[in-house]
Amino acid sequence: MYIYKKIIYLICSFILSFNLALGQTSTFPEQLESDFRFMGGLMYVKATVNGKTGWFLVDTGSNALLLLNNQYFKGVQSNQKALGMGDGQAISMVKVDSFVWEGLSIVDQQYPAMNLAAMQGDAGEEVLGLIGTALFKNYQLQCNFATRKIRLSKSSVTATDVQGLKPTLTLPFQLINGFPVAQASVQGKNYNWIMDTGATDNILEVSLEDSIRSVWKESAQVAMSHAGTAATVRRGTLASLTVGGLRMDGIGMTLAQMPGYDVEKNILGILGFQFFKYFYVDFDYLKGEINCYDMQLVMKHK
């Protein structure tokens with residue numbers, strides 16, 4: 001069962017462009033399997049950077065390959081900024097001698113670091129950063145929330161977990177601004193949404209409030225934390241949302257101001273764990289589609 005923070009909502013959505021040539025000794029395996037842990041309602045995997053082991057958020061809503069927490073990694077200040085749901089934040093560049101996640105390893109690179117204080121792990125657990133779409137885009141990413149396992153594959157395969165099952169929905173997506181973006185509709189009108197495993201909430205651009213007033217009901221005003229800053233947003237319930245032909249009634253939806261660079265691309269929402277929690281998720285970057293399987297059927301499946 002998904003448990004989210006009732007006071008602080010973490011939305012990780014950064015615009016970062018680092019086209020780094022990876023060294024010949026870096027290893028990107030054909031397949032990778034990793035356990036993950038839910039912390040604050042989001043998925044974290046354990047990996048090691050420069051000999052230090054800790055937790056990394058699995059964040060399809062970040063277009064970075066690797067983003068480090070500057071609490072643990074000090075670098076050289078750059079003139080780049082990370083942009084997201086709040087104001088831009090300066091970043092530094094950190095020399096990474098090695099990054100190791102299961103059978104995947106990257107050596108002798110530089111990666112960005114910034115204040116990630118809003119990403120709170122469980123007591124005694126250190127959150128070292130996040131892994132984003134720039135890594136996942138070369139893979140099929142499969143997430144089983146029941147077994148707490150993630151699988152990456154360089155070829156599209158049907159996992160044993162869902163062998164013989166029909167997806168509840170199949171959703172085409174494309175990469176825009178480096179983010180996976182798909183369409184879903186409210187009251188028969190299509191909007192573009194970032195498919196974001198690094199967001200606790202579903203988010204819809206606040207300027208659409210008048211057009212959805214009859215189908216959205218506010219439940220609370222909450223603080224949404226991003227990169228060390230916070231803003232008050234309004235959380236509520238949407239009467240229905242149609243995704244990939246599937247109508248979902250009574251789904252949680254928060255109204256907030258989307259970043260300008262998303263609105264310019266007609267991206268007006270985020271589907272986060274309030275959406276994904278119902279499914280076994282097959283995030284196939286190779287085919288440009290997301291297959292979602294009913295989690296209850298998957299758990300019964302032999």
Residue among I270, N63, D196 satisfying side-chain contact (heavy atoms from CB on, under 4.5 Å) with F179: N63
Could you check L65, L104, V107, L128 and say which one makes a side-chain contact (heavy atoms from CB on, under 4.5 Å) with F99? L104
Begin with the C-alpha distance, continue with both residues' side-chain angles, and end with the deciding distance and a verdict on side-chain contact (heavy atoms from CB on, under 4.5 Å) for T197 and V281. CA-CA 10 Å; T197 60; V281 181; over 6 Å; no
Using modelled atom types and a 3.5 Å cut-off, is there a donor and acceptor pairing between side-chain atoms of [X] and backbone atoms of [Y]?
X: N69; Y: V127; result: yes
X: K154; Y: F28; result: yes
X: W193; Y: A184; result: yes
X: N190; Y: Q183; result: no
X: N144; Y: T147; result: yes
X: T158; Y: Q163; result: no
X: Q71; Y: E126; result: no
X: N202; Y: G252; result: yes
X: Q120; Y: A117; result: yes
X: E205; Y: M258; result: yes

[X] atom [atom1], neighbour heavy-atom count above 12 within 6.0 Å:
X: M299; atom1: CE; answer: no
X: E125; atom1: CD; answer: yes
X: K74; atom1: NZ; answer: yes
X: R247; atom1: CZ; answer: no

Working to the nearest 0.5 Å, report the span between [atom1] of [X] and [atom2] of [Y].
X: S156; Y: Q140; atom1: OG; atom2: CD; answer: 5.0 Å
X: L68; Y: K52; atom1: CG; atom2: NZ; answer: 12.0 Å
X: S34; Y: R151; atom1: OG; atom2: CZ; answer: 11.0 Å
X: F136; Y: T133; atom1: CZ; atom2: OG1; answer: 7.0 Å
X: T254; Y: R235; atom1: OG1; atom2: CZ; answer: 5.5 Å
X: F36; Y: L42; atom1: CZ; atom2: CG; answer: 10.5 Å

Q187 pairs by side chain to side chain donor-acceptor pair (under 3.5 Å) with which of S214, S211, S240? S214
Transitive ILVMFWY side-chain link [X] to [Y], under 4.5 Å:
X: Y72; Y: L57; value: yes
X: V157; Y: Y285; value: no
X: L297; Y: Y280; value: no
X: L286; Y: L152; value: no
X: M119; Y: M39; value: yes

Looking only at heavy atoms, which two atoms of [X] and [Y] are closest? And how far apart?
X: K95; Y: N50; result: O-ND2, 3.1 Å
X: L116; Y: G129; result: CD1-CA, 3.9 Å
X: L130; Y: F56; result: N-CD2, 3.7 Å
X: T27; Y: G103; result: CG2-O, 3.8 Å
X: Y111; Y: I106; result: OH-CG2, 3.6 Å
X: A182; Y: F173; result: CB-CB, 4.1 Å

Go through it in stages, so that I can follow the logic: the residues are V58 and F283, the test is side-chain contact (heavy atoms from CB on, under 4.5 Å), and I'd like the CA-CA distance, side-chain angles, deciding distance and then a yes or no. CA-CA 12 Å; V58 176; F283 226 117; over 6 Å; no
Is the shortest side-chain N to carboxylate O distance from D161 to K149 below 4.0 Å? no
Could you tell me whether R37 and D35 make a salt bridge, using a distance below 4.0 angstrom between a side-chain N and a carboxylate O? no
Side chains of [X] and [Y], heavy atoms from C-beta outward: is any pair under 4.5 Å?
X: F279; Y: L169; value: yes
X: S92; Y: M114; value: no
X: L141; Y: I150; value: yes
X: N192; Y: L268; value: no
X: L66; Y: I131; value: yes
X: V49; Y: S98; value: no

Run the side-chain contact (heavy atoms from CB on, under 4.5 Å) check on Q110 and V76 step by step: do they pass? CA-CA 10 Å; Q110 293 188 68; V76 178; over 6 Å; no
Under the side-chain contact (heavy atoms from CB on, under 4.5 Å) criterion, do V298 and V162 qualify, and how do the steps go? CA-CA 6 Å; V298 173; V162 295; 3.9 Å; yes
Would you call the rings of F145 and F38 parallel, tilted or perpendicular, taking 30° and 60° as the class edges? tilted
